[in-house]
Protein chains: 2
Amino acid sequence: MQDKITKLFKAIADPTRRDIFHALVIATSALSITQISSQFDISRQGVTKHIKTLEEAGLVNINTNGRERFCNANAKPLKEVSKWVEFYSQFWDNSLQGLENYLNTKDNE
Amino acid sequence: MQDKITKLFKAIADPTRRDIFHALVIATSALSITQISSQFDISRQGVTKHIKTLEEAGLVNINTNGRERFCNANAKPLKEVSKWVEFYSQFWDNSLQGLENYLNTKDNE
DNA sequence: TTAATACGCAACTTTTTGGTTGCTTAACGT
DNA sequence: ACGTTAAGCAACCAAAAAGTTGCGTATTAA
């Protein structure tokens, strides 16, 4: 399909998925698909799809117990997003300093 | 359409758009649409569309001069992404500490 | 053992997205 | 003045995404 970082960015680009992820992070215990569904206005299948996307992005871990699948949030992959953003933080001030820093530190080719 | 933060997340979710944005950040001067197009394998119209998306996300500023439109990157909106990620950084270690911190600091309702 | 629950899978629909081409308009260079 | 260049607009297309419903299956509770 697409590279890992793109999967991650796409996963968090959808507002419903961000909400689901947030709910899982905040939850004091793992939540089943049905439990998640009950908190959202979309069908259970819709939730299942979102969970799958989040899982493929590494943001959710699933633990099957009997007929239930308990979902946990895993925020670690967001480190990648943080790293991506961090590079651009040197350009936040809109001055040329950021670019100068960049040009000075990269290997002269 | 959709809320600002979602526009921003969607803007950076596309790999081509991330590349265009990067090229603009790195560029030592503003680039016209045609100049950008020459660096990518998609048509000029394709680039125009991506630029529009980036502009709507606030990540690109455009300065029209005659028949040319010069594009500058503006990394500032990425602060929002940084803020979003930062909240979850307390959960990176996968321990319960993050959740405890969250529960302790939020207003008890 | 039978009914209810939790879920996956598959098919389908609608909307969005990423991209294209064709045409027009405005600005330059000569 | 005239050809060339820069770009917008609109229509179009294909693929992906977001969501649905229907159905089958495994697990649990009665």
Side-chain angles (χ1 to χ4, degrees), chain A residues 1-24 27 29-73, chain B residues 1-24 27 29-73:
Chain A
M1 197 237 221
Q2 52 202 357
D3 59 300
K4 206 149 204 271
I5 190 82
T6 298
K7 264 192 197 174
L8 182 56
F9 275 114
K10 293 223 163 162
I12 60 174
D14 183 84
T16 304
R17 264 189 312 262
R18 284 201 304 280
D19 288 348
I20 291 176
F21 176 69
H22 190 81
L24 289 176
S29 66
L31 299 179
S32 71
I33 302 285
T34 302
Q35 284 173 328
I36 298 167
S37 309
S38 70
Q39 299 185 35
F40 293 88
D41 248 3
I42 56 176
S43 70
R44 181 178 54 81
Q45 283 312 315
V47 170
T48 295
K49 277 198 177 182
H50 282 311
I51 287 292
K52 196 176 181 184
T53 304
L54 288 166
E55 194 191 10
E56 282 173 6
L59 292 168
V60 161
N61 292 326
I62 301 181
N63 207 295
T64 302
N65 189 317
R67 61 185 162 178
E68 289 174 292
R69 281 158 46 88
F70 291 100
C71 305
N72 276 295
Chain B
M1 196 235 223
Q2 51 203 356
D3 59 301
K4 207 148 204 273
I5 190 82
T6 297
K7 266 191 195 173
L8 182 56
F9 275 114
K10 293 222 163 163
I12 60 174
D14 184 81
T16 303
R17 261 185 318 257
R18 284 199 305 278
D19 287 349
I20 292 176
F21 176 70
H22 190 81
L24 289 176
S29 67
L31 299 180
S32 71
I33 301 287
T34 303
Q35 286 174 324
I36 297 167
S37 308
S38 70
Q39 299 185 36
F40 293 89
D41 248 4
I42 57 176
S43 70
R44 181 177 54 81
Q45 283 312 316
V47 170
T48 295
K49 277 198 177 183
H50 281 311
I51 288 291
K52 196 176 181 184
T53 304
L54 288 167
E55 194 192 9
E56 283 174 5
L59 292 168
V60 161
N61 293 326
I62 301 181
N63 206 294
T64 302
N65 189 317
R67 61 185 162 178
E68 290 173 292
R69 280 158 47 87
F70 291 101
C71 305
N72 276 295

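Order of the sequence lines sets the chain letters (A, B, ...), proteins ahead of strands, with each chain counted from 1. Remember, predicted model here, so these are calculated numbers, not experimental data. Heavy-atom basis, side chains included; hydrogens, waters and symmetry copies ignored.
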State which of D:dA7, C:dC7, D:dA17 makes the closest approach to the side chain of A:Q2.
D:dA17
Can you tell me how far P of C:dA6 sits from CG of A:L31, to the nearest Å?
14 Å
Which residues share a side-chain hydrogen bond (donor to acceptor under 3.5 Å, both in side chains) with B:N65, sequence neighbours left out
none
Would you indicate, yes or no, if D:dA7 has its OP1 or OP2 atom less than 4.0 angstrom from a side-chain nitrogen or oxygen of B:S37?
no
Rounded to the nearest Å, what distance is computed from the CZ atom of residue A:R18 to the C1' atom of nucleotide D:dA18?
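Nearest whole value for this atom pair: 15 Å.
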Does anything in residues 1-21 of chain A form a ring-ring contact (aromatic ring centres under 6.0 Å, His included)? List the pairs, not counting sequence neighbours.
A:F9-A:W84, A:F21-B:Y88
CG on A:D14 to CD on B:Q2, rounded to 0.5 Å:
9.5 Å
Between the protein and nucleotides 26-30 of chain D, list the N/O to N/O atom pairs that are separated by less than 3.5 angstrom.
residue, atom, partner, partner atom, Å
D:dT27, O2, A:R67, NH1, 3.0

Are any of the side-chain heavy atoms of A:E68 and A:T34 separated by less than 4.5 Å?
no
Does a side-chain heavy-atom distance below 4.5 Å link A:L24 with A:L59?
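Answer no - side chains too far apart.
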Is any side-chain N or O of B:R17 closer than 4.0 Å to OP1 or OP2 of C:dG18?
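So the side-chain polar atoms of B:R17 do come within 4.0 Å of the phosphate oxygens OP1 or OP2 of C:dG18, strictly under.
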Validation row: B:T6, A:R18 side chains within 4.5 angstrom (heavy atoms):
yes
Can you sort out the partners of A:D41 under side-chain hydrogen bond (donor to acceptor under 3.5 Å, both in side chains), two or more places apart, ordered by chain and number?
none
Within the pair B:S43 and C:dG19, is there a side-chain N or O less than 4.0 Å away from OP1 or OP2?
no
Distance check needed: C:dT20 P versus B:D41 CG, whole Å only.
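Value for this atom pair: 9 Å.
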In whole Å, what is the span from the CD1 atom of A:I12 to the P atom of D:dA18?
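Going from A:I12 (CD1) to D:dA18 (P), I get 13 Å.
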Integer-rounded Å distance: C:dG19 P and B:D19 CG
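Nearest whole value for this atom pair: 11 Å.
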Think B:T34 has a side-chain N or O under 4.0 angstrom from the OP1 or OP2 of D:dA7?
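For B:T34, the contact criterion (side-chain N or O under 4.0 Å from OP1 or OP2 of D:dA7) is met.
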Rounded to whole angstroms, how far apart are CD1 on A:I42 and P on D:dT21?
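Checked: the CD1 to P distance equals 12 Å.
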DNA chain D nearest-nucleotide lookup for A:D14 and B:F70: closer to the 5′ end is B:F70
Quick one: OG on A:S29 to CG on A:N72, what's the gap to the nearest 0.5 Å?
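Answer rounded to 0.5 Å: 8.5 Å.
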Out of D:dG22, C:dT17, D:dG19, which has the shortest distance to the side chain of A:Q45?
D:dG22
Nearest-Å distance for atom pair CD1/C1', residues A:I36 and C:dT5:
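So the CD1-C1' distance, A:I36 to C:dT5, works out to 17 Å.
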Report, one line per pair, each donor and acceptor closer than 3.5 Å where one atom sits in a side chain of residues 48-57 of chain A; sequence neighbours left out.
residue, atom, partner, partner atom, Å
A:T48, OG1, A:R44, O, 3.1
A:H50, ND1, A:R17, NH1, 3.1
A:T53, OG1, A:K49, O, 3.1

Whole angstrom is fine here: how far is it from CZ in A:R44 over to P in D:dC23?
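The distance from CZ of A:R44 to P of D:dC23 comes to 14 Å, rounded to the nearest Å.
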Quick one: list whatever passes side-chain hydrogen bond (donor to acceptor under 3.5 Å, both in side chains) with B:T16, sequence neighbours left out.
none
Residues from residues 46-55 of chain A sitting under 4.0 Å of DNA chain D, heavy atoms only?
A:G46, A:K49, A:H50
